[in-house]
Amino acid sequence: MKTFTDLSRWRTHRQHLNPEWRVGFVPTMGALHAGHLSLVQKARAENDYVVVSLFVNPTQFDQAADLENYPRDTETDLALLRQAGVDAVLLPDSAQLYPDEYAYQVTEKRLSQQLCGAHRPGHFDGVLTVVLKLFNLVQPHAAYFGEKDYQQLALIRGLVDAFFLPIEVIGCPIVREAEGLAMSSRNSRLSTEQRQQAASLYRILTQAPDAQAARRQLAAVFDRVDYVQDLGDRRLAAVQLGPVRLIDNVPLPTPKAGGAA
Ligand code: PAF
């Protein structure tokens with residue numbers, strides 16, 4: 001496994017990769033867990049060459065404290081990626097990824113303003129901007145994202161369509177703890193008690209009869225409910241628990257056939 005902290009070295013390396021190879025890419029912010037590793041495994045199975053990026057992207061954090069406290073463990077991440085058979089890891093710093101000091105930004109004006117976007121101003125501008133930069137650097141044939149960040153996944157699909165990028169965006173199922181909590185790097189900041197409490201997010205979303213009932217039940221458990229909303233065939237929610245904002249989504253129950261005559 002090769003690691004690249006220097007993007008000009010990476011770009012030269014990329015130019016010399018076999019043009020026949022299919023390149024798979026998994027962008028991450030590090031502090032890897034089983035959810036990330038499931039993306040890497042799928043990328044490994046479907047591509048000749050697998051690239052992972054580890055970059056805690058400052059432009060997508062709307063709270064300075066969240067950026068500061070975001071978990072970081074590069075040594076463990078690299079060991080996990082080596083074990084998973086990754087070919088190359090990009091570890092750029094902000095100065096290299098943002099030579100323009102974020103003067104150029106990608107803004108989506110509809111979906112990015114709703115749900116998480118309504119509560120985290122500028123968040124999706126930061127995500128879309130860094131993802132476009134990383135796509136241009138890696139030039140992957142396929143890129144892998146978790147369905148936990150369902151809104152992010154929809155916006156990245158939109159980015160690829162809007163800018164005619166020749167990249168297949170592959171969404172991968174949410175990986176959950178035994179009691180249902182969706183895996184997330186930020187979960188490491190929850191106490192044991194908070195982790196148990198956090199599991200009720202998934203339970204309520206799957207069991208409540210509708211979004212309104214889910215909101216009421218969540219409000220009784222969590223410090224704040226940002227939203228519960230149906231989007232396409234999913235029910236999405238974001239809640240605050242102690243120091244951590246949790247997001248999750250579940251498939252909407254399919255209406256039973258044969259109800260009306
Ligand atoms: O999902 C994430 O980890 C990040 O939003 C991403 C896609 C790596 C961009 O920084």
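Whatever order the structure lists ligands and atoms in, that order sets their numbers, starting from 1. Remember, predicted model here, so these are calculated numbers, not experimental data.
Side-chain atoms of N57 and Y70 include no donor-acceptor pair closer than 3.5 Å.
With a 4.0 Å cut-off on non-hydrogen atoms, I156 does not touch ligand 1 at all.
The distance from ligand 1 to the heavy atoms of Q60 drops below 4.0 Å at these ligand atoms: 4 (C), 5 (O), 9 (C), 10 (O). If you number the atoms of ligand 1 from 1 as listed, the ones under 4.0 Å from a heavy atom of V130 come out as 9 (C), 10 (O).
Ion pairing between D66 and R186 holds under the 4.0 Å rule for side-chain N and carboxylate O. Comment: D125 does not engage R120 in a salt bridge, judged by the lack of any side-chain N to carboxylate O separation of less than 4.0 angstrom. By the 4.0 Å N-to-carboxylate-O rule, D62 lies too far from R245 to be salt-bridged with it.
Remark: minimum distance from atom 7 (C) of ligand 1 to any protein heavy atom is reached at Q152 NE2, 3.6 Å.
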